[in-house]
Participant: 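The structure's right below; bear with me while I get my questions together.
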Amino acid sequence: MAETPTLNTSDERLREQAEKVTEERRKAGLEGLTGGLEAIVVNCQPENLRAAVDEFLGTTGLSFDSAFEDDHFTTCVLKLDGSADFLVRSRKSGENPFRPWNKGPKANPLPDTRLETFIYKCRDVREYHRIQSELGVTFLTDGVVETPNFLYVETTPSAYTGNSLGFIQWLDKEGEYAVPGAFALDWTFAKPDLAYLDNISYLDHSATRVRAQDRDPAILEFMRLTSYRFEFAIYVESLNSITNVARLSLDDYAQVFTSGIKPFEGLAESGPTEKYIYNYGTRVHHIAFQAEHIEETYEGLAKNGMDFLVELVGSPGEGLKQTFSQPSPNTLLVHEYIHRYGDFTGFFTQDNVTELTRATDKQ
């Protein structure tokens, strides 16, 4: 007889485990060793790299900073004051360690495309690497990468999310990511002269889709590797979905994990979150940007060709407004645009999460 799927119906056990992880971090000397998000790495198929950069420039507040090439990657660096940097790249050589997670009927045509890595600041990378290695964490990097400008380590991709985490300690020029031996490319990209792009600012959060049975392990693993804490979850039982928020502080970028309440049983029985994983694999579903004058921004993006999964949801009275774009053909990422009103600190609302989760069924 088949086993009855395990249901995630309460946060009580997760909160107990999260408290233990926080105490373990403190005892190990990890608490506070890492900080906020410094950069994200988005890998594209080589033929889509330039189009992906143009797309980010035309749909966000990011500007082109530089491009360089080394033995393994061609990388474009996009920046915006007050936001994490974007390293948009394509792989030139070597095996892709993220490929096992890039599978699914809708992901297979782009086997090397995903948001691969989140890079966090670290005040002592050597000490971080030493402690985590002793705790059994494995790394993609061969020890600590040492350059005149920074020290860096990167974990192997998580079995739960398919993402790796990088940790960088700046020694000299912050925000210069080229390694020794890399050479600058004379690439140029034009930032569209569209007034509403000035409304779009920092990276507010990203949301990774994980399987129902991996929800707690994924969050606890992330906590063990960073100084983030689990804050709350919103359950949408009608759509078999849980949205979970981990934060460093109220003012920092947030890491969001979305899972099913019960595991995938079939396309007919499962909700949008589990269907998405069936089609795309476990991966980052969307990246969310803070947007001022969100109605004007939404209208401008739509007028210039952006298609949306859902119209603006929410209101000033509810505390926020949000929308989802259609997934990018170059990165597979959905862009969320979000605006919070006044002193709203709840991060999300039940109604908005429900509408946005329902919209992902259109992917």
Participant: Aromatic contact between F56 and H335, with the criterion being ring centroids under 6.0 Å apart: yes or no?
Facilitator: yes

Participant: Working to the nearest 0.5 angstrom, can you tell me the gap between N102 CG and L332 CG?
Facilitator: 8.5 Å

Participant: Walk me through whether L115 and R283 qualify under side chain to side chain contact (heavy atoms under 4.5 Å, CB included).
Facilitator: CA-CA 7 Å; L115 194 166; R283 66 170 63 229; over 6 Å; no

Participant: Taking side-chain contact (heavy atoms from CB on, under 4.5 Å) as the definition, give me every residue that meets it alongside V144, ordered by chain and number, with sequence neighbours left out.
Facilitator: V125, R126, H129, E146, L151, V153

Participant: Is there a path from V179 to F73 through hydrophobic residues (I, L, V, M, F, W, Y) whose side chains come within less than 4.5 Å of each other?
Facilitator: no

Participant: With side chain to side chain contact (heavy atoms under 4.5 Å, CB included) as the test, would you mind laying out the steps for F189 and R50 before giving the verdict?
Facilitator: CA-CA 9 Å; F189 294 86; R50 285 179 174 270; 4.0 Å; yes

Participant: For T117 and E154: C-alpha separation, side-chain torsions, deciding distance, then whether side chain to side chain donor-acceptor pair (under 3.5 Å) applies.
Facilitator: CA-CA 8 Å; T117 307; E154 183 178 331; 3.3 Å; yes

Participant: Taking only residues two or more places apart in sequence, or in another chain, which ones meet H285 in a side-chain hydrogen bond (donor to acceptor under 3.5 Å, both in side chains)?
Facilitator: R209, Q363

Participant: Strictly distance-based, threshold 3.5 Å: is any side-chain N or O of K92 a donor or acceptor partner for the main-chain N or O of D70?
Facilitator: yes

Participant: Please examine the side chains of F289 and L80, heavy atoms only from C-beta on, and report whether any two atoms are closer than 4.5 Å.
Facilitator: no

Participant: Under the ring pair (Phe, Tyr, Trp, His ring centres under 6.0 Å) criterion, do F257 and F222 qualify, and how do the steps go?
Facilitator: CA-CA 10 Å; F257 301 82; F222 177 70; 5.7 Å; yes

Participant: So does K262 get a backbone contact from the side chain of N240, meaning a donor-acceptor N/O pair under 3.5 Å?
Facilitator: yes

Participant: Would you check if the side chain of R114 reaches a backbone N or O of T282 as a donor-acceptor pair within less than 3.5 Å?
Facilitator: yes

Participant: Tell me, please, which residues at least two apart from Q326 pass side-chain contact (heavy atoms from CB on, under 4.5 Å).
Facilitator: D307, L309

Participant: With a cut-off of under 6.0 Å to the ring centre and 45° to the axis, is R123 in cation-pi contact with Y128?
Facilitator: no

Participant: Without swapping roles, check the side chain of T243 against the backbone of T258 for a donor-acceptor pair under 3.5 Å.
Facilitator: no

Participant: I need the S164 OG to W101 CH2 distance, nearest 0.5 Å.
Facilitator: 9.5 Å

Participant: Look at the side-chain heavy atoms of Ile, Leu, Val, Met, Phe, Trp and Tyr, link any pair under 4.5 Å apart, and say whether Y280 and F98 land in one connected group.
Facilitator: no

Participant: Does the side chain of T360 reach to within under 4.5 Å of the side chain of L356, using non-hydrogen atoms?
Facilitator: no

Participant: Would you please test W187 and L49 for side chain to side chain contact (heavy atoms under 4.5 Å, CB included) and show each step?
Facilitator: CA-CA 12 Å; W187 291 8; L49 178 57; 3.9 Å; yes

Participant: After noting the C-alpha distance and the side-chain angles of E69 and T74, does the key distance pass the side chain to side chain donor-acceptor pair (under 3.5 Å) rule?
Facilitator: CA-CA 4 Å; E69 193 166 299; T74 301; 3.2 Å; yes

Participant: In terms of side-chain heavy atoms, does S206 have a donor or acceptor partner in Y253 at a distance below 3.5 Å?
Facilitator: yes

Participant: When the side chains of residues 38-47 are checked against the rest of the protein, which donor-acceptor pairs come out under 3.5 Å, sequence neighbours left out?
Facilitator:
from, atom 1, to, atom 2, distance (Å)
E38, OE2, W170, NE1, 2.9
N43, ND2, D112, O, 2.8
Q45, OE1, D112, N, 2.7
Q45, OE1, T113, N, 3.2
Q45, OE1, T113, OG1, 2.8

Participant: Determine whether L171 and P148 make a side-chain contact, defined as any pair of heavy atoms from C-beta on separated by less than 4.5 Å.
Facilitator: no

Participant: List in chain and number order the residues that pass salt bridge (charged side-chain N to carboxylate O under 4.0 Å, His left out) with E134, two or more places apart in sequence or in another chain; answer none if no residue qualifies.
Facilitator: R130

Participant: If you measure from the Lys or Arg side-chain nitrogens to the Asp or Glu carboxylate oxygens, is any gap between E31 and R25 under 4.0 Å?
Facilitator: yes

Participant: Drop me the distance from T60's OG1 to Q290's CD, to the nearest 0.5 angstrom.
Facilitator: 13.5 Å

Participant: Check whether L197 and Y202 end up in the same hydrophobic cluster, where Ile, Leu, Val, Met, Phe, Trp and Tyr are linked by side-chain heavy atoms less than 4.5 Å apart.
Facilitator: no

Participant: CG/L220 to CD/Q17 distance, rounded to the nearest 0.5 angstrom?
Facilitator: 5.0 Å

Participant: Just wondering, do K321 and E295 contact through their side chains at under 4.5 Å, heavy atoms?
Facilitator: yes

Participant: Check the hydrophobic clustering (I, L, V, M, F, W, Y; side-chain heavy atoms under 4.5 Å; chains of links allowed) and say if V236 and L14 are grouped together.
Facilitator: no

Participant: Give, for atom OG1 of T155 and atom CG of L225, the distance between the pair rounded to the nearest 0.5 Å.
Facilitator: 6.0 Å

Participant: Is there a side-chain contact between M306 and Y337 (heavy atoms, below 4.5 Å)?
Facilitator: yes

Participant: With side chain to side chain contact (heavy atoms under 4.5 Å, CB included) as the criterion, how do Q213 and F264 come out once you've worked through the C-alpha distance, each side chain's angles and the decisive distance to 0.1 Å?
Facilitator: CA-CA 9 Å; Q213 60 270 30; F264 181 79; over 6 Å; no

Participant: Give a yes or no on whether the backbone of C122 and the side-chain of T34 come within a donor-acceptor separation of less than 3.5 Å.
Facilitator: no

Participant: Run the salt-bridge test on E116 and R89 with the 4.0 Å N-O cut-off and return the result as yes or no.
Facilitator: no

Participant: Run the side-chain hydrogen bond (donor to acceptor under 3.5 Å, both in side chains) test against T141 and tell me which residues pass, sequence neighbours left out.
Facilitator: none

Participant: Are the side chains of F232 and R15 in contact, using a 4.5 Å heavy-atom criterion?
Facilitator: yes

Participant: Taking the side chain as every heavy atom from C-beta outward, state whether D54 and F64 have any pair of such atoms under 4.5 Å apart.
Facilitator: no

Participant: Without swapping roles, check the side chain of E274 against the backbone of S241 for a donor-acceptor pair under 3.5 Å.
Facilitator: no

Participant: Quick one: does S83's side chain have a donor or acceptor within less than 3.5 Å of a partner on L203's backbone?
Facilitator: yes

Participant: After noting the C-alpha distance and the side-chain angles of E176 and N149, does the key distance pass the side chain to side chain donor-acceptor pair (under 3.5 Å) rule?
Facilitator: CA-CA 8 Å; E176 292 193 9; N149 200 42; 4.8 Å; no

Participant: Do the ring centers of F308 and Y298 come within less than 6.0 Å of each other?
Facilitator: yes

Participant: Does T273 use its side chain to pair, donor to acceptor, with the backbone of G260 at less than 3.5 Å?
Facilitator: no

Participant: Decide yes or no for D204 and F347: does some side-chain heavy atom of the first lie under 4.5 Å from some side-chain heavy atom of the second?
Facilitator: yes

Participant: Test your reading of the model: is there a side-chain donor-acceptor pair from N352 to the backbone of F348, 3.5 Å cut-off?
Facilitator: no

Participant: If only atom types and distance count, is the side chain of K79 paired as donor or acceptor with the main-chain N or O of G175 below 3.5 Å?
Facilitator: yes

Participant: I need the Y196 OH to L301 CG distance, nearest 0.5 Å.
Facilitator: 5.0 Å

Participant: May I ask whether Y235 and V256 are part of the same hydrophobic cluster, defined by side-chain heavy atoms of I, L, V, M, F, W, Y residues being less than 4.5 angstrom apart, directly or through others?
Facilitator: no

Participant: When the aromatic ring centroids of Y228 and Y120 are compared, is their separation below 6.0 Å?
Facilitator: yes

Participant: One thing to verify: whether R358 and E355 come together as a salt bridge, which I'm taking to mean a side-chain N less than 4.0 angstrom from a carboxylate O.
Facilitator: yes

Participant: Would you call R26 and E23 a salt bridge, using N to O less than 4.0 angstrom?
Facilitator: yes

Participant: Are the charged groups of E174 and K121 less than 4.0 angstrom apart, N to O?
Facilitator: yes

